[in-house]
K.L.:
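One structure, pasted below without further comment.
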Amino acid sequence: MTSDLKSEIMTDSKKLSFDSSKIQDDFPILETKINGHRLVYLDNAASSQKPEAVINALDNFYKTTNSNIHRGLHTLAEKATNAYEHCREHVAKFIGGVSCEEIIFTSGTTESTNLVANSWGNENIGEGDEILITEMEHHANLVPWVLLAQKKNALLRQIPITTDGTLDLTDINKLINEKTKLLAVTHMSNVLGTINPIKELIELAHKNGALTLIDGAQAVPHMPVDVKDLNADFYCFSSHKMLGPTGVGVLYGKKEILEKMPPYILGGEMIREVSFEKVTFNDLPHKFEAGTPNIADVVAFDTALTYLENIGMENIRNHEIEISKYAIEKLTEIEGITIQGPLDETIRGAAISFTDRDVHPHDISTFLDSRGIAIRAGHHCAQPLMKVLKTVATARASFYIYNDRADVDYLAETVKEMRRYFRG
Amino acid sequence: MTSDLKSEIMTDSKKLSFDSSKIQDDFPILETKINGHRLVYLDNAASSQKPEAVINALDNFYKTTNSNIHRGLHTLAEKATNAYEHCREHVAKFIGGVSCEEIIFTSGTTESTNLVANSWGNENIGEGDEILITEMEHHANLVPWVLLAQKKNALLRQIPITTDGTLDLTDINKLINEKTKLLAVTHMSNVLGTINPIKELIELAHKNGALTLIDGAQAVPHMPVDVKDLNADFYCFSSHKMLGPTGVGVLYGKKEILEKMPPYILGGEMIREVSFEKVTFNDLPHKFEAGTPNIADVVAFDTALTYLENIGMENIRNHEIEISKYAIEKLTEIEGITIQGPLDETIRGAAISFTDRDVHPHDISTFLDSRGIAIRAGHHCAQPLMKVLKTVATARASFYIYNDRADVDYLAETVKEMRRYFRG
Amino acid sequence: MNSSLDEMYRDIILEHYRYPRGKKPIDKVDVSTAGKNPSCGDEIDVELQVENDIIKNIHVDCKGCAISVASASMLAELVKDKPLDEVIENAEIVRKMLKGEEENLPEEFGDIVTLKGVRKFPVRIKCALLAWLTLLEGIKNFQNGDGRRNQIVSTEEQE
Amino acid sequence: MNSSLDEMYRDIILEHYRYPRGKKPIDKVDVSTAGKNPSCGDEIDVELQVENDIIKNIHVDCKGCAISVASASMLAELVKDKPLDEVIENAEIVRKMLKGEEENLPEEFGDIVTLKGVRKFPVRIKCALLAWLTLLEGIKNFQNGDGRRNQIVSTEEQE
Ligand SMILES: Cc1ncc(COP(=O)(O)O)c(C=O)c1O
Ligand SMILES: Cc1ncc(COP(=O)(O)O)c(C=O)c1O
């Protein structure tokens, strides 16, 4: 398989809901050569690439605006503060028009879930209480609850999954009950691609008096999300998976809940007054943002949001439905390859895990890389799910706005080549 | 006072131990005009500016290398992992040649101190134990201990300061005693500039069986620091104050101590194996780095370290001794101005706080800003120290490698102009 | 050049700052409130003598920046001899002006309109507000029969 | 093109991967150890029949990538009929080669030298090491009179 194939089948890409090949031009890294081939980046569920606009926003911030924020009275400090707070407003709008006080910047989804576990969880989970998660959680939305349950003598329960990789809701009315204090569920699985019926689950949880935390790390980058409509109590996601810089995450929380929570990280900016004996805390959202925040990256994240809005989240979702459908079609055609997760593209995202009857995912990944294709292989920080799937690892190709049908074709052809290589 | 004065007196800068005006060329932001004046950035204790090399490192990472790290088998993941881990090695060397396992990347000094308070502190501080800090601590090295002491019924004690702004060690042998479990001290005060006799204090603490945490946020950027020679148990600092990007901090900890500590943030990468019932943790340093780290900024921080090394930390220290001496001389000449902190430049850094008998620090700051000078005014996240100093706020001019004698002259002239303006 | 600086520190403001009104202690204190601005460190004490719901006398002691001092001084000038209810309305007008929700002030507000310049310096709005919020709190306490309540008003809670 | 890929997956390695040695179960098991590579998910079971401190028979069952399977297969070939002490030395040589501390292997190591190609893929070194570390652990347990200890060796602890 040579890269010529790529250009040959490029024409197909016009069928998609927007022109990915034009979008590719905005992403400088896509011009990189990997082992002599053009980079075909299909590791977007791990982290997305960044458009030039976002990279330039960083550059511009450091060249014109850089300063510490909030407490400064000089021009740069004020400009930097405004730019930082502007992103908060933007995030608040982006996820459905919530209040700025409800948006807390963290270092990533992982810190967001940990903040809730340590602050809210530590105060509100007691002996005999139940925390309900699913079998498909990422470690970020799993390990904090495993350890909190251990510490508090609470019970951690899981919603099982069916063989097609969706949640098995048969026993949901037992799983969510009056003991349930928190339902912590992923919006979209990073392994199976499954989009979960979050809104219904949240409603059911609320009926039982439980709060809800949604891990939106894989959802917010790929589809319109309205946390108000979902009525989620907490919602978490990461900038780096949605065209923004690394080191920035978001925790959305309902104001009345956040207000009652004790702070998590302690230091500058999150306190109002402190003596050696006594501390009073600042207002939301600052109460949860101690120390110098990741100012420049938050400012550049703002640009990433704008970039996504210009394309349109609805269009992105449609694009990924199309590309998932095509990829599932192409991959299932290949003898020996099994897709892990739902085959119906309308109930899933474009993170597509597959296994090969004969070849280990690590060998698949290494081989594809030798042909310029970046996919991920392993347990994808979802070890319990691997056990459920009765596998140790999967290969995962995850698509985004700059991927087109040509990428799918090239992937499928290279997978076939890979099988010939290893099976002899 | 017009900006012409600036160029007139520029010639003086040659006396400094290196040529700051050359260094200025490396910092694009210094060409910015602020209210019609050239920016004179004297807010370095809050956050430093970034050289072009660091900005380019970010740009380059996102254009050629960006990927999530550690678990990936493809070329970009490996390159990104290597770049990230290279910075860890660099940091380990930079602070005296420690082991990579002892370097934990955090989001900043504040997260570093909180990690220790939550993990080590929570397990090792008990009722009646004593935590010893000083009266000059930044909130980042104060609030975590105030609340930990409250929670554990431990006693928080303070080493007082003398009227010249140095530590009053008269009663140190009572303050450090067999009940002391932790000595948490700033290496250099962000308000007074004072450099504390850390090595002696650490030795004394160790003799009494206490561990030591040093807040090096103001020290590592400005002078050679060797944590092995100091024999510190924990040492914390931030990238953004030493030419690096925002969103990156370091916690150094001795291996044998870190190994025994429970993890702090829970999620991907920090675990070895997890089921719904049981979690085993990864090795150092990964045990303390959950989730996707701030990869790009860590990689660019590496470049900041190289930039500092090329100038030489010893040279930087000498430069700041010279500029402090000159600034103290010039400011004390002005009627009504008082320096807060030691006047002897050999025992202090170049963060110089001052107050005006007649004008509030906020008015000083606003006025100086109208002339292009960025200083900070306020409590500098050190409210208890303000009480000790019997003031509510100070104005602080803090210098770095790109500041020269011309900046000092311009500051002094503008302070005089400011006094005329407000006093009529 | 520096027009926004000079717009904030108008001559009138600097004059109030240098020679603040209301500094003279009063004999009879019916209302006493303290306020502060924790992030800046500005502190203020406001004392009122009230007769028949009219402010007969006022004493203001403000330690802070030029803006907070001048604003307190202007307040002292404005509210003397006014009924409490009218003072509450006046304070609301000032708050609106500082937030940019009100452009034109009644003639009687005199110098106070010069505080508008602060709007270009958002972090300083708190300073200008301090005296007014503290006064409002004092009146509220007084009207609740609790004029000497010993609680410190903070601008950050009230904005 | 792709020379480093073909260097890692040498024909010999792919041949061992397709037709691994030591797959046949053994009757008498004196040593039994399991190993795994948590980050990759590779798993291995190593069983030995030991007589007079000599490995009389070996059974290796490896579920993992081509590298770990091939490495396990080569191990099975090399250690059969060797004294335990020599096997320990052999394993150490392999470890050194994989870490780049050893270039030339004794003739008797045969195909094993082809594992060198893994060095270009640092994340895969663990895979090649898995069988060897598991074997070493088994021998250690056996020598401590504890050959059937039920503890799983993890490459991440041992590297
Ligand atoms: C002495 C000192 N400690 C700690 C900090 C907190 O650092 P950061 O805000 O980067 O967490 C600072 C800086 O603000 C400081 O000057
Ligand atoms: C579903 C899901 N949750 C949480 C995370 C953790 O995100 P981060 O590593 O940015 O903290 C990820 C990404 O790795 C994810 O895919």
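Heavy atoms only: backbone and side chains are in, while hydrogens, waters and symmetry mates are out. Naming: A, B, ... by sequence-line order, numbering from 1 per chain.
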K.L.:
Any idea which of Pro263(B), Pro144(B), Pro245(B) has the most non-hydrogen atom pairs under 4.5 angstrom with chain A?
P.N.:
Pro144(B)

K.L.:
Under 3.5 Å, side chain of Gln49(B) to main-chain N/O of Asn66(A), donor-acceptor pair present?
P.N.:
yes

K.L.:
Got Asp59(B) and Leu58(A) here, is their nearest side-chain heavy-atom distance under 4.5 Å?
P.N.:
no

K.L.:
With a 4.5 Å limit on heavy-atom distance, are the side chains of Ile29(A) and Leu76(B) in contact?
P.N.:
yes

K.L.:
Checking His379(A) now: which residues fulfil ring-ring contact (aromatic ring centres under 6.0 Å, His included) with it, not counting sequence neighbours?
P.N.:
His139(A)

K.L.:
Taking heavy atoms only and a threshold strictly under 4.5 Å, list by residue number the residues of residues 288-296 of chain B that touch chain A; give 'none' if the list is empty.
P.N.:
Ala290(B), Gly291(B), Thr292(B), Pro293(B), Asn294(B), Ile295(B), Ala296(B)

K.L.:
Considering only heavy atoms and a distance below 4.5 Å, find which of Thr109(A), Val54(A), Ile375(A), Leu156(A) pairs most often with chain B.
P.N.:
Ile375(A)

K.L.:
Report yes if some heavy atom in the side chain of His240(A) is under 4.5 Å from a heavy atom in the side chain of Asn68(B); otherwise report no.
P.N.:
yes

K.L.:
Are any non-hydrogen side-chain atoms of Tyr62(A) and Thr246(B) less than 4.5 angstrom apart?
P.N.:
yes

K.L.:
Is there side-chain contact between His74(B) and Ile34(A), with at least one heavy-atom pair below 4.5 Å?
P.N.:
no

K.L.:
Checking the side chain of Gln158(A) only, and the main-chain atoms of Phe276(B) only, is there a donor and an acceptor separated by less than 3.5 Å?
P.N.:
no

K.L.:
Does the side chain of Glu31(A) come within less than 4.5 Å of Lys63(B)'s, by heavy atoms?
P.N.:
no

